Amino acid sequence: MPMKQRENLLLVALFTLLLVLTSCNDTKALSPQKQFGDNAYYFMGLSSLQKGQKDEALSHFKKGVKKSDDFFAEKCMESLCQLASANEKMVLAQELAKGFPSPANQLNLAQILYAAEEYDQILSIGRVGAESSTDREALSEEEAGEAMYLRLLALGKEGKQGFAGEIEDWFFYTPITSFHKKYFDSHKDTLIASLLSDESQQCMKIRLAVYQRDYGQAFKLMTAILPTQEDPAQWLLQQPEELLSDIGKTFLYGATRLTEAGQFLDGAVNKISENDPDFVAFYLNFYAARLYDKGLGTGNKKALEKFLAAMEAADTPAKYDNALWYYFSTKLKFSTSEAEAALKQYIHTIHDASYYSDFFETLILRYFSGKNWNGVLKSLILIQDYATQEVVSQYAYLAGRLVQLGLVDLKKFPVADLQAIIDSKAEEAVIEEEAAEVGGGKDLTLQDAVARGLFSIAYGAGGELYYRLLAATQLDLSPAMVRQSLYQTKVLENFVPDQNQEALLDGFMAFDLPDYIYDVWKENSQKISLELAQRAASFLSLYGVHQYSAQGFRLMSNAIFHADIQTTREMYQLAYPRLYSQEIATAATDYNLPEYLIYGLIRSESFFDAAVSSHAGAVGLAQLMPATAGDIARKLKIEDFDLQDPVTSVNFGSFYLAELIGRLDNSIIDALYSYNAGITNVRKWKRMFPDLPADLMVELIPFTETRNYGKKIVSASAVYGDLYYEIPHKAIVEKILFGK
């Protein structure tokens with residue numbers, strides 16, 4: 001045995017011995033009860049409930065109310081309230097709302113009081129969810145709607161007078177919910193008719209019609225109100241924000257004479273005074289712009305003028321982004337050069353970069369369909385510092401390929417811009433070094449240097465996985481280097497986890513309560529650290545029950561995109577599990593398909609949910625349409641089948657994919673797109689763009705779902721191949737996309 005190997009074995013043996021000796025001296029690990037102290041009563045109560053021991057559970061919860069920290073004491077009180085008899089429930093709900101006066105607990109009390117016909121006590125609670133923006137944020141829109149619904153019902157039951165103002169406030173100053181409709185339908189001919197003016201009743205009907213997307217009815221009501229006003233434009237200026245927004249939607253989607261409607265709203269703008277709230281100018285300008293855009297034709301300047309006015313009047317970042325998005329989109333209707341000019345002028349003013357991702361997707365499609373290859377690079381230069389990393393990675397990769405193929409005229413770009421691209425640094429210095437080594441140590445041409453700089457940008461951490469994989473392939477990074485860096489992401493800044501929710505998840509794991517983990521994580525996902533999410537996903541995945549394994553997979557698949565620490569290969573193994581491994585192994589052998597490809601297909605199609613059905617009617621793990629499945633069954637000589645059966649779905653899906661590959665000259669990527677959109681469509685697209693390589697032709701597919709479908713499967717297949725089969729990402733990308 002070589003000396004170095006003997007030394008390594010000796011070190012391992014010594015380390016193992018040290019661990020054994022240390023463990024002998026350690027005290028016994030803390031039990032869950034000791035670990036959580038008095039906060040353990042909540043989890044002990046849940047455990048008792050699972051065993052059917054209600055009395056014991058009640059005892060634990062009662063102790064928890066007295067001894068636990070506030071958060072767990074409240075959880076114990078909530079559980080007691082849920083388990084209590086009808087007589088006890090009211091007392092406990094009152095104690096819960098008094099001891100922990102959150103809007104949610106007050107709503108719970110109001111529900112119980114209404115069921116018990118204790119209407120006067122409901123009124124003593126106050127206007128739950130309506131007193132402040134903080135209260136409203138603590139409840140969902142539906143919950144806030146229910147809270148006021150119960151209060152108004154109680155006012156009516158108690159015969160209270162003069163609450164017309166509360167009804168109007170609820171209908172005109174809050175988002176419409178199903179409870180608004182329920183209240184109106186029950187009281188429109190009684191209380192509402194007696195307490196509110198005809199005009200208020202008509203406005204309530206308008207809001208309800210917009211809520212139900214019955215814009216024709218809303219516009220009919222609107223045109224009945226306006227002629228009764230002495231000054232219709234001035235009347236608009238006096239409306240509450242929620243109602244004014246719905247009036248704008250009414251004109252936009254209900255009017256038939258769009259330009260006239262736009263001119264009416266535009267005319268009202270001229271009557272705005274400095275005393276009017278900013279939202280008035282925003283909504284009137286915004287909806288006038290939308291109406292001009294629809295009514296005056298493609299990319300009209302009047303619409304642009306009004307969108308700019310709306311941006312200037314916007315009193316929140318969300319409103320500004322909304323108006324700017326439409327400004328960009330309207331500019332694009334003129335031409336891509338107009339859109340580029342708009343980007344150059346306003347891209348630095350955006351607030352939420354993710355809001356514009358679909359615009360950039362439309363822009364790239366416009367560039368490709370018009371063969372405007374220079375535009376891709378031009379836009380990347382404009383948006384690189386402002387768009388999301390996912391968008392930047394897409395534009396950088398595509399620009400790199402276009403430069404590489406000689407389709408971009410670099411002479412038309414400033415030297416400084418090209419040099420900045422060449423000097424671009426990937427996220428990891430070692431990647432830059434390896435990329436330089438791959439270059440062969442020789443001077444690169446300007447074309448090659450720019451292309452490599454663009455691929456380096458595309459490979460940056462936080463970019464879209466698909467384009468990062470393709471960029472790594474073009475950079476020819478070693479498998480070891482890609483494994484080291486691919487699973488890294490942009491880390492959240494200033495992230496502060498919710499300690500109470502994290503303690504809750506820890507307790508569920510410590511006390512073996514898997515049923516509660518996924519729902520709590522899902523509700524609080526933005527407040528949970530990635531390290532804890534990984535432990536929760538691992539706990540579920542290793543539990544041995546498919547339901548929990550699927551939850552663990554879903555949990556981790558979402559958690560890796562909200563990372564307060566760097567993601568790892570182990571996390572990706574949780575996000576890309578090998579569920580239904582036996583069924584997939586059998587199908588891979590039967591139809592000569594790589595397992596990683598079948599895993600990529602099923603993960604992308606159904607997220608491993610055997611019972612899922614799509615809106616189009618596709619069923620099961622492999623998401624096959626019943627008619628397609630029937631054809632497959634005849635070819636396989638199977639008479640009876642169930643697409644929700646995992647064995648059947650994996651078998652049929654794999655057979656169908658293999659058949660498509662054979663029919664499409666062994667092109668895996670063409671087969672995947674045919675699986676989603678049909679073989680006829682794929683052949684048509686290939687005839688339209690016969691000279692483009694597969695990774696660029698993908699961008700011209702007119703269906704967003706289909707474009708993204710292929711990208712997801714390429715990415716998932718490459719990750720599966722690396723994580724479980726030790727196949728380099730590059731080999732899989734080249735095999736699927738280019739048939740190498």
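Keep in mind that what you see is a predicted model, and the values were worked out from it rather than measured. In this chain, numbering begins with 1 at the start of the sequence shown.
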Query raised in the report: Under the side chain to side chain donor-acceptor pair (under 3.5 Å) criterion, do E502 and S529 qualify, and how do the steps go?
Result: CA-CA 8 Å; E502 291 209 334; S529 68; 3.0 Å; yes

Query raised in the report: Given the side-chain rings of W521 and F508, with only the six-membered ring counted for Trp, is the space between their centroids under 6.0 Å?
Result: no

Report task. Compute the centroid of each ring, for F495 and then for H562, and state whether the two points are separated by less than 6.0 Å. Result -> yes

Query raised in the report: E595 versus Y724: any side-chain heavy-atom pair under 4.5 Å?
Result: no

Query raised in the report: Aromatic rings Y467 and Y397: how do their planes relate, parallel, tilted or perpendicular, breaks at 30° and 60°?
Result: tilted

Requested in this report: Could you tell me if the ring centre of F539 sits under 6.0 Å from that of Y543?
Outcome: yes

Query raised in the report: So how far is it from D670 CG to I661 CD1, rounded to the nearest 0.5 Å?
Result: 10.0 Å

Query raised in the report: Is it true that atom CD of Q50 has more than 12 heavy atoms of other residues, nucleotides or ligands lying nearer than 6.0 Å?
Result: yes

Requested in this report: Please check if any side-chain donor atom of R401 sits under 3.5 Å from a side-chain acceptor atom of Q404, or the reverse.
Outcome: yes

Query - Check: N524 side chain, V520 main-chain N or O, donor-acceptor pair, under 3.5 Å - result: yes

Query raised in the report: Roughly how far apart are M481 CE and L486 CG, rounded to 0.5 Å?
Result: 12.0 Å

Query raised in the report: Within a radius of less than 6.0 Å around NZ of K711, do more than 12 heavy atoms belonging to other residues, nucleotides or ligands occur?
Result: yes

Query raised in the report: Hey, is the main chain of V714 close enough, under 3.5 Å, to the side chain of S717 for a donor-acceptor pair?
Result: no

Query raised in the report: Between T706 and P702, is there a donor-acceptor pair closer than 3.5 Å when you use the side chain of the first and the backbone of the second?
Result: no

Query raised in the report: Can the ring centroids of Y720 and Y596 be said to lie less than 6.0 angstrom from one another?
Result: no

Query - Distance, nearest 0.5 Å, that separates CG of L469 from CG of L477 - result: 11.0 Å

Requested in this report: Look at the rings of Y675 and Y709 and say which category their plane angle falls in: under 30° parallel, 30 to 60° tilted, over 60° perpendicular.
Outcome: parallel

Report task. For H60 and Y42, test the side chains for any donor-to-acceptor distance below 3.5 angstrom and give the result as yes or no. Result -> no

Report task. Please say whether more than 12 non-hydrogen atoms of neighbouring residues, nucleotides or ligands are located less than 6.0 Å from CD in E142. Result -> yes

Requested in this report: In sequence, state the C-alpha distance, the side-chain angles, and the governing distance for D515 and Y548, and then conclude on side chain to side chain donor-acceptor pair (under 3.5 Å).
Outcome: CA-CA 8 Å; D515 285 339; Y548 301 137; 2.3 Å; yes

Query raised in the report: How long is the gap from NZ on K522 to CG on N558, to the nearest 0.5 Å?
Result: 9.0 Å

Report task. Please examine the side chains of P479 and R483, heavy atoms only from C-beta on, and report whether any two atoms are closer than 4.5 Å. Result -> yes

Report task. Assess the side chains of T704 and R707: does a donor N or O sit below 3.5 Å from an acceptor N or O? Result -> yes

Query raised in the report: Is it the case that R603 places NZ or CZ above or below the six-membered ring of Y576, under 6.0 angstrom from the centre and within 45 degrees of the axis?
Result: yes

Requested in this report: Measure the acute angle between the ring planes of F608 and F553, then classify it against the limits of 30° and 60° as parallel, tilted or perpendicular.
Outcome: perpendicular

**Report entry** Polar contact flag, side-chain donor to acceptor under 3.5 angstrom, T388-Y356
**Finding:** no

Query raised in the report: Run the salt bridge (charged side-chain N to carboxylate O under 4.0 Å, His left out) check on D476 and K730 step by step: do they pass?
Result: CA-CA 8 Å; D476 200 22; K730 179 181 179 181; 2.5 Å; yes

Query - Distance (rounded to the nearest 0.5 Å) between Y41 OH and Q33 CD - result: 10.0 Å

Query raised in the report: Does any non-hydrogen side-chain atom of V647 lie less than 4.5 Å from one of T586?
Result: no

Query - Point-to-point distance, once rounded to the nearest 0.5 Å, from CD1 of I565 to CG of L530 - result: 5.0 Å

Query raised in the report: Does T489 use its side chain to pair, donor to acceptor, with the backbone of A461 at less than 3.5 Å?
Result: no

Query raised in the report: Between S614 (side chain) and A618 (backbone), is there a donor-acceptor pair under 3.5 Å?
Result: yes

**Report entry** Side chain to side chain, L398 and I364, heavy atoms closer than 4.5 Å
**Finding:** yes

Report task. Assess the side chains of Y673 and N681: does a donor N or O sit below 3.5 Å from an acceptor N or O? Result -> no

Query raised in the report: Side-chain donor-acceptor pair under 3.5 Å between D642 and T648, yes or no?
Result: no

Query - Side-chain (Q644) to main-chain (A611) donor-acceptor, under 3.5 angstrom - result: yes

Requested in this report: Check whether any side-chain N or O of R468 sits under 3.5 Å from a backbone N or O of G463 as a donor-acceptor pair, and report yes or no.
Outcome: no

Query - Steps toward side chain to side chain donor-acceptor pair (under 3.5 Å) verdict (D631, Y656) - result: CA-CA 10 Å; D631 291 338; Y656 185 46; over 6 Å; no

Report task. Look at the rings of Y725 and Y599 and say which category their plane angle falls in: under 30° parallel, 30 to 60° tilted, over 60° perpendicular. Result -> tilted

Query raised in the report: Side-chain contact, heavy-atom cut-off 4.5 Å: V482 with Y459?
Result: yes

Query raised in the report: Strictly by modelled atom types, are S667 and D665 linked by a side-chain donor-acceptor pair under 3.5 Å?
Result: no

Requested in this report: Return yes if some donor-acceptor pair links the side-chain N/O of S606 with the main-chain N/O of Q623 below 3.5 Å, else return no.
Outcome: no

Query - Beyond-backbone contact of D564 with E493, side-chain heavy atoms, under 4.5 angstrom - result: no

